[in-house]
Amino acid sequence: MKDVKQLIAQRAALELPKHSVINLGIGIPTLIADIIDERDYVLHTENGLLGITKVNNQQIDLEIVNAGKIPVGEAAGAAYFSSADSFAMIRGGHVDIAVLGALQIDETGVMANWAIPGKDILGVGGAMDLLEGAKTIIATTTHTSANGDAKFVKKCTYPITSKRIVDTIVTDLAVFKWRDTIYELVDLVGTATLEEVQQRTEANYIISPNLL
């Protein structure tokens with residue numbers, strides 16, 4: 001599973017324009033920090049730090065963590081601020097891209113990523129604000145669950161996080177982009193084929209002419 005998550009993170013990293021302000025959510029998005037050249041991006045975390053870097057085991061400061069409580073480093077010129085100011089940044093539209101993990105995304109672009117009925121997981125965190133406030137949303141997820149259920153579905157059955165439409169979906173099989181009223185399959189990931197994506201996807205989508 002680790003390799004699959006790395007595959008998704010590597011493909012999602014290609015969607016990030018240089019010099020943008022990016023918030024990386026918990027899970028797969030966190031792996032992106034180890035892939036990109038941190039000098040080319042400004043990483044933001046909603047617990048109050050702008051200018052995150054990777055950190056090696058010898059330099060860990062347990063008081064410098066991201067929103068997922070994972071130790072991080074600070075870039076030259078990094079800024080600390082209150083959580084309230086951090087959320088004001090998000091709500092004020094100052095975060096260019098949020099890369100978030102997803103439990104389900106449906107064919108209308110709505111995402112669920114904070115609760116599975118009957119299971120105890122972390123909770124919503126800053127995802128609601130990021131979905132509403134970030135200029136662009138990239139969702140990262142395995143294409144199917146551990147038991148083979150599709151995660152790109154016709155309609156979310158888990159509690160949704162926001163009604164905001166997700167701009168791009170990156171899975172271990174494919175990349176989908178929102179095109180006005182429907183998602184377009186624009187790229188295949190790894191060794192995936194169009195047939196495999198079709199078999200493991202519940203949602204309706206169109207296929208880019210470039211892939212036909």
Side-chain angles (χ1 to χ4, degrees), residues 2-56 59 64-68 70-81 85-102 105 109 111 113 125-127 129-141 162 164-179 183-190 192 208 210-211:
K2 182 178 179 180
D3 289 342
V4 170
K5 291 181 177 178
Q6 286 286 352
L7 181 67
I8 298 168
Q10 288 171 353
R11 181 58 187 84
L14 299 179
E15 298 291 318
L16 304 176
K18 288 184 178 179
H19 312 302
S20 52
V21 177
I22 302 166
N23 185 295
L24 299 176
I26 297 170
I28 294 172
T30 303
L31 301 176
I32 295 174
D34 294 328
I35 296 169
I36 61 176
D37 186 336
E38 57 203 21
R39 294 169 298 183
D40 292 332
Y41 304 90
V42 182
L43 299 183
H44 166 272
T45 179
E46 59 264 37
N47 61 322
L49 175 58
L50 184 66
I52 295 171
T53 66
K54 296 183 281 288
V55 63
N56 61 48
Q59 295 178 315
I64 304 177
V65 297
N66 63 17
I70 297 173
V72 295
E74 52 186 2
Y80 291 91
F81 34 83
D85 287 336
S86 187
F87 276 86
M89 279 187 63
I90 298 169
R91 295 169 185 174
H94 303 293
V95 173
D96 296 316
I97 300 171
V99 187
L100 302 172
I105 306 156
M111 183 168 87
N113 80 338
D129 290 86
L130 287 163
L131 270 162
E132 291 295 325
K135 296 173 185 172
T136 300
I137 300 295
I138 299 173
T140 58
T141 180
S162 162
R164 157 78 179 273
I165 292 173
V166 171
D167 299 282
T168 301
I169 304 169
V170 180
T171 78
D172 50 315
L173 297 185
V175 179
F176 301 89
K177 288 186 179 290
W178 182 254
R179 304 299 192 202
Y183 280 105
E184 180 182 24
L185 171 57
V186 298
D187 196 14
L188 296 169
V189 176
S208 168
N210 296 329
L211 297 178

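All values below were derived from every heavy atom in this structure, side-chain atoms included, with hydrogens, water molecules and symmetry-related copies excluded.
Residues satisfying the side-chain hydrogen bond (donor to acceptor under 3.5 Å, both in side chains) test with Ser86, not counting sequence neighbours, are His44. In this structure Asp34 satisfies the side chain to side chain contact (heavy atoms under 4.5 Å, CB included) test together with Lys54, sequence neighbours excluded. Contacts of Thr45 classified as side chain to side chain contact (heavy atoms under 4.5 Å, CB included), with partners at least two apart in sequence or in another chain: Asn47, Leu49, Ile52, Asn66, Ala67.
Between the side chain of Thr141 and the backbone N or O of Ala102 there is at least one donor-acceptor pair closer than 3.5 Å. In this structure, the side chain of Asp96 engages the main chain of Val21 through a donor-acceptor pair within 3.5 Å. Side-chain atoms of Arg164 come within 3.5 Å of backbone N or O of Ala134 as a donor-acceptor pair. In this structure, Asn23 contributes its side chain and Ala98 its backbone to no donor-acceptor pair below 3.5 Å. Checked by atom type and distance alone, the side chain of Ser20 never pairs as donor or acceptor with a backbone atom of Val42 at under 3.5 Å.
Of all the heavy atoms in Asp167 and Lys135, the pair that sits closest is OD2-O, 4.2 Å. Residue Ile97 comes nearest to Pro17 through the heavy atom pair CD1-CD, 3.2 Å, listed as atom of the first residue, atom of the second, then distance. Between Ile36 and Ala13, the shortest heavy-atom contact is CG2-CB, 3.9 Å. Minimum heavy-atom separation, Leu100 to Ala127: CD1-O, 4.5 Å. In plain terms, the two heavy atoms of Glu74 and Thr53 that are nearest each other are N-OG1, 3.4 Å. Residues Ala139 and Met111 approach most closely at CB-SD, 3.8 Å, considering heavy atoms.
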TODO: List the steps and the verdict of side-chain contact (heavy atoms from CB on, under 4.5 Å) for Thr171 and Val189.
DONE: CA-CA 8 Å; Thr171 78; Val189 176; 5.7 Å; no
Open item on the list: Let's go through Arg11 and Asp172 carefully: what are the C-alpha distance in whole Å and the side-chain angles of both, what is the deciding distance for side-chain contact (heavy atoms from CB on, under 4.5 Å) to 0.1 Å, and is it a yes or a no?
Closed with: CA-CA 9 Å; Arg11 181 58 187 84; Asp172 50 315; over 6 Å; no
TODO: Walk me through it: do Leu16 and Ile32 pass the test side-chain contact (heavy atoms from CB on, under 4.5 Å)?
DONE: CA-CA 10 Å; Leu16 304 176; Ile32 295 174; 3.8 Å; yes
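Note: Asn210 CG to Glu184 CD = 8.0 Å, rounded to the nearest 0.5 Å. In this structure, NZ on Lys18 lies 6.0 Å from OH on Tyr41, to the nearest 0.5 angstrom.
Side chains of Glu46 and Asp129 form no contact here, defined as non-hydrogen atoms less than 4.5 Å apart. The closest side-chain heavy-atom distance from Ile64 to Tyr80 is below 4.5 Å. Using a 4.5 Å heavy-atom cutoff, the side chains of Tyr183 and Ile165 are in contact. Counting heavy atoms from C-beta on, the side chains of Val186 and Arg179 come closer than 4.5 Å.
The residue from Thr140, Ile22, Ile8 that alone fulfils the side-chain contact (heavy atoms from CB on, under 4.5 Å) condition with Pro29 is Thr140.
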